[in-house]
There are 2 protein chains.
Amino acid sequence: MDIENAKAQMRKGVLEFCILGILKRGEAYPSDIMATLKEAKLIVVEGTLYPLLTRLKNDGLLNYRWEESQQGPPRKYYSITDSGIQFHSELKNTWDELSYAVKQSQKLQ
Amino acid sequence: MDIENAKAQMRKGVLEFCILGILKRGEAYPSDIMATLKEAKLIVVEGTLYPLLTRLKNDGLLNYRWEESQQGPPRKYYSITDSGIQFHSELKNTWDELSYAVKQSQKLQ
DNA sequence: CATTGAACTATGCAATGCAAAGTACTGGAA
DNA sequence: TTCCAGTACTTTGCATTGCATAGTTCAATG
């Protein structure tokens, strides 16, 4: 029982919401997404992000297109689909409900 | 990929925080805890709560004592330990950081 | 003694974050 | 050309946790 594990557990399910939120602004490739998450103080590693994007794509919430890069191999640019936008809005409700519940449970100390 | 699963995932790790928060107010037995969580709009079932309490107890974050009940079998009254209080405060930091990160990632739509 | 309800326990599954190792492509240095 | 570094993407396997489900124990009541 350490705090690092607790952090990992709290992230579960939240990353999807964050990533869909980021892609709502416009398409991006994985390194872009990681940089944006890092700005928000959310460190994510490759082994987490890539499988997650693949999962979201397979569920029809994202699409991608290949684009040549100036340097290095081509990149997968991801964009959000209509289903993705709708799912994102449901996730927002879920997150808001959870935030409220946590807040309530911590009240009245 | 359905919203129910997403809810379950988002709860992971958060329940511990909520329960420690509730027990900081004073000792309680499982049905008390479930009722309090329900008030906060957080539905938890036995199969989730009991193993979780056992885990927290084994990690030294909680204690319990048996108490006879007026009706029905005796109850396990749980209370938080000093380690539990400290861990709760670390979880609070973790939760606050995560909330901030989620908020940031959803900005600038 | 049987039944009912409350309280607690145990088992097994599915989902996800993550570490770790691996593959593939490009460009520059030796 | 051959080797190496850097970037981008992929794959495998593990640990943890919420939850469904079923089972056990105990006290009170008829």
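Chain letters run A, B, ... following the sequence lines, proteins first and then strands; every chain starts at 1.
Here the P atom of nucleotide dA6(C) and the CH2 atom of Trp66(B) are 17 Å apart, to the nearest Å. Rounded to an integer number of Å, the gap from Tyr64(A) OH to dA8(D) C1' is 14 Å. Across the protein-nucleic acid pair, Met10(B) atom CE and dT17(D) atom C1' stand 16 Å apart, rounded to whole Å. Summarising the geometry, the separation between CD on Glu4(A) and P on dC18(C) is reported as 10 Å, rounded to the nearest angstrom. We find that NZ of Lys57(A) is positioned 11 Å from P of dT10(D), with the value rounded to whole Å. Atom NZ of Lys76(B) is separated from atom C1' of dA6(C) by 15 Å (rounded to the nearest Å). Atom CG of Leu49(B) and atom C1' of dC8(C) are 11 Å apart (whole Å). Atom CD1 in Ile3(B) sits roughly 15 Å away from atom C1' in dA15(C) (whole-Å rounding).
Distance check, rounded to the nearest 0.5 Å: OH of Tyr29(B) to OG of Ser31(B) gives 4.0 Å. One distance of note links CG of Leu52(A) with CD1 of Ile19(A); it measures 4.5 Å at 0.5 Å rounding. The CG atom of Leu91(A) sits 11.0 Å away from the CG atom of Asp96(A) when rounded to the nearest 0.5 Å. Rounding to the nearest 0.5 Å places CG of Leu37(A) at 8.5 Å from CD1 of Ile43(A).
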Under 3.5 Å, which N/O atoms of the protein pair with N/O atoms of nucleotides 18-20 of chain D?
from    : atom 1 : to       : atom 2 : distance (Å)
dG18(D) : OP1    : Gly13(B) : N      : 2.9
dG18(D) : O4'    : Lys12(B) : NZ     : 3.3
dC19(D) : OP1    : Arg11(B) : NH1    : 3.4
dC19(D) : OP2    : Arg11(B) : NH1    : 3.4
dC19(D) : OP2    : Thr48(B) : OG1    : 3.2

Set out, line by line, the N/O atom pairs under 3.5 Å between protein and nucleotides 22-29 of chain C.
none

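For the salt bridge (Lys or Arg N to Asp or Glu O under 4.0 Å) test, no residue two or more places apart in sequence or in another chain qualifies with Asp82(A). Every salt bridge (Lys or Arg N to Asp or Glu O under 4.0 Å) that Glu67(A) has, sequence neighbours left out, goes to Arg65(A). Every residue two or more places apart in sequence or in another chain was checked for a side chain to side chain donor-acceptor pair (under 3.5 Å) with Lys103(B), and none qualifies.
Looking at residues 28-40 of chain A, you'll see that no heavy atom sits under 4.0 Å from any atom of DNA chain C.
Remark: Lys76(B) qualifies as a cation-pi partner of Tyr64(B) under the 6.0 Å distance and 45° angle criteria applied to the six-membered ring.
The pair Arg55(B)-Glu16(B) meets the salt-bridge criterion, with a side-chain N (NZ, NE, NH1 or NH2) lying under 4.0 Å from an Asp/Glu carboxylate O.
Judged by distance alone, with hydrogens and angles left aside, the side-chain atoms of Gln106(A) form no donor-acceptor pair with the main-chain N or O of Ile22(B) at under 3.5 Å. When atom types are taken as modelled, the side chain of Ser83(A) and the backbone of Leu61(A) share no donor-acceptor pair closer than 3.5 angstrom.
Between Tyr50(A) and the phosphate of dT10(D), there is no side-chain N or O to OP1/OP2 separation shorter than 4.0 Å. In this structure, Asn5(B) reaches the dT16(C) phosphate: one of its side-chain N or O atoms is under 4.0 Å from OP1 or OP2.
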